Amino acid sequence: MTQPVPSRPHFDPDCPFCRIAAGEIPADVVYSDEQVLAFRDIAPKAPVHVLVIPRPHFADVRELGADPESAAAVLAGVRAVAEALALPYFTTVFNTGAASGQTVLHAHAHVLSGNGVMWAHGQ
Ligand code: 5GP
Ligand code: ZN
């Protein structure tokens with residue numbers, strides 16, 4: 001018998017990315033659908049720097065990866081960003097944990113492109 005999945009909040013009023021997904025905080029949106037939102041990073045670390053978030057709240061990629069449908073939707077969102085911006089190449093990063101540099105505890109994929117993108121922990 002399968003264990004019931006514990007319920008968790010899909011909207012955290014203290015989470016900036018939940019608030020962006022709800023339209024409460026403005027963002028420069030690149031792609032949007034029912035499951036994900038993609039918007040430009042407020043402090044870009046590359047000429048193209050877009051964040052792809054699931055609309056429901058997941059703290060990080062560990063939680064996101066436990067929900068295969070939402071995880072696939074984020075990857076489809078990465079693909080949609082690459083299509084929308086006609087990116088010939090790009091780097092995708094999921095920081096997990098403060099020591100990795102994760103500062104926003106709502107799972108997000110960074111999509112970076114242009115000028116020899118390098119990414120190190122804590123950037
Ligand atoms: P992390 O460091 O958690 O992997 O990435 C969080 C990213 O979110 C950072 O690159 C930061 O610049 C970006 N960020 C934080 N707050 C906001 C915001 O309110 N709007 C936008 N567009 N980006 C944000
Ligand atoms: Zn959130």
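As the structure lists them, so they are numbered: ligands from 1, and atoms in each ligand from 1. Here the structure is a predicted model, which is why all the values come from computation and not from measurement.
- A tilted orientation is assigned to the rings of His10 and Phe58, their planes being inclined by 30° to 60°.
- In this structure the side chain of Arg55 reaches within 4.5 angstrom of the side chain of Ser32, judged on heavy atoms.
- Near Phe39, meaning under 4.0 Å from one of its heavy atoms, ligand 1 places the atoms 21 (C), 22 (N).
- Counting heavy atoms closer than 4.0 Å to ligand 1, residue Leu51 contributes side-chain atoms (C-beta onward) but none from N, CA, C or O.
- Contact atoms of ligand 1 toward Ala43: 12 (O) (distance under 4.0 Å to a heavy atom of the residue).
- In terms of polar-atom proximity, Thr103 is counted as a contact of ligand 1, with an N or O under 3.5 Å from an N or O of the ligand.
- The atom of His106 nearest to the Zn ion (ligand 2) is ND1, with the search restricted to N, O or S atoms.
- Counting non-hydrogen atoms of neighbouring residues, nucleotides and ligands closer than 6.0 angstrom, the CD atom of Glu24 exceeds 12 such neighbours.
- At a 4.0 Å cut-off, not a single heavy atom of Phe94 sits close enough to ligand 1 to count as contact.
- Across all non-hydrogen atoms, the minimal contact from His106 to Gln102 is N-NE2, 4.3 Å.
- Looking only at its N/O/S atoms, His57 has ND1 as the one nearest to the Zn ion (ligand 2).
- Side chains of Val52 and His108 form no contact here, defined as non-hydrogen atoms less than 4.5 Å apart.
- With contacts defined as side-chain heavy-atom distances shorter than 4.5 Å, the pair Leu85/Val48 qualifies.
- The option with the heavy atom closest to atom 7 (C) of ligand 1, from among Asp28, Asp41, Val104, Ile20, is Asp41.
- Side chain of Arg19 to main chain of Ile25: no donor-acceptor pair is present (N/O by atom type, distance under 3.5 Å, no hydrogens or angles).
- Contact annotation for His108 and ligand 1: only side-chain heavy atoms (C-beta onward) come within less than 4.0 Å of the ligand.
- The heavy-atom pair separating Ala46 from Leu112 by the smallest distance is CB-CD2, 3.9 Å.
- Polar contact with ligand 1: present for Gly101 (N/O pair, distance under 3.5 Å).
- Against a heavy-atom cut-off of under 4.0 Å, Lys45 is close to the following atoms of ligand 1: 9 (C), 10 (O), 12 (O).
- Those atoms of ligand 1 with a heavy atom of Asn95 less than 4.0 angstrom away are 4 (O).
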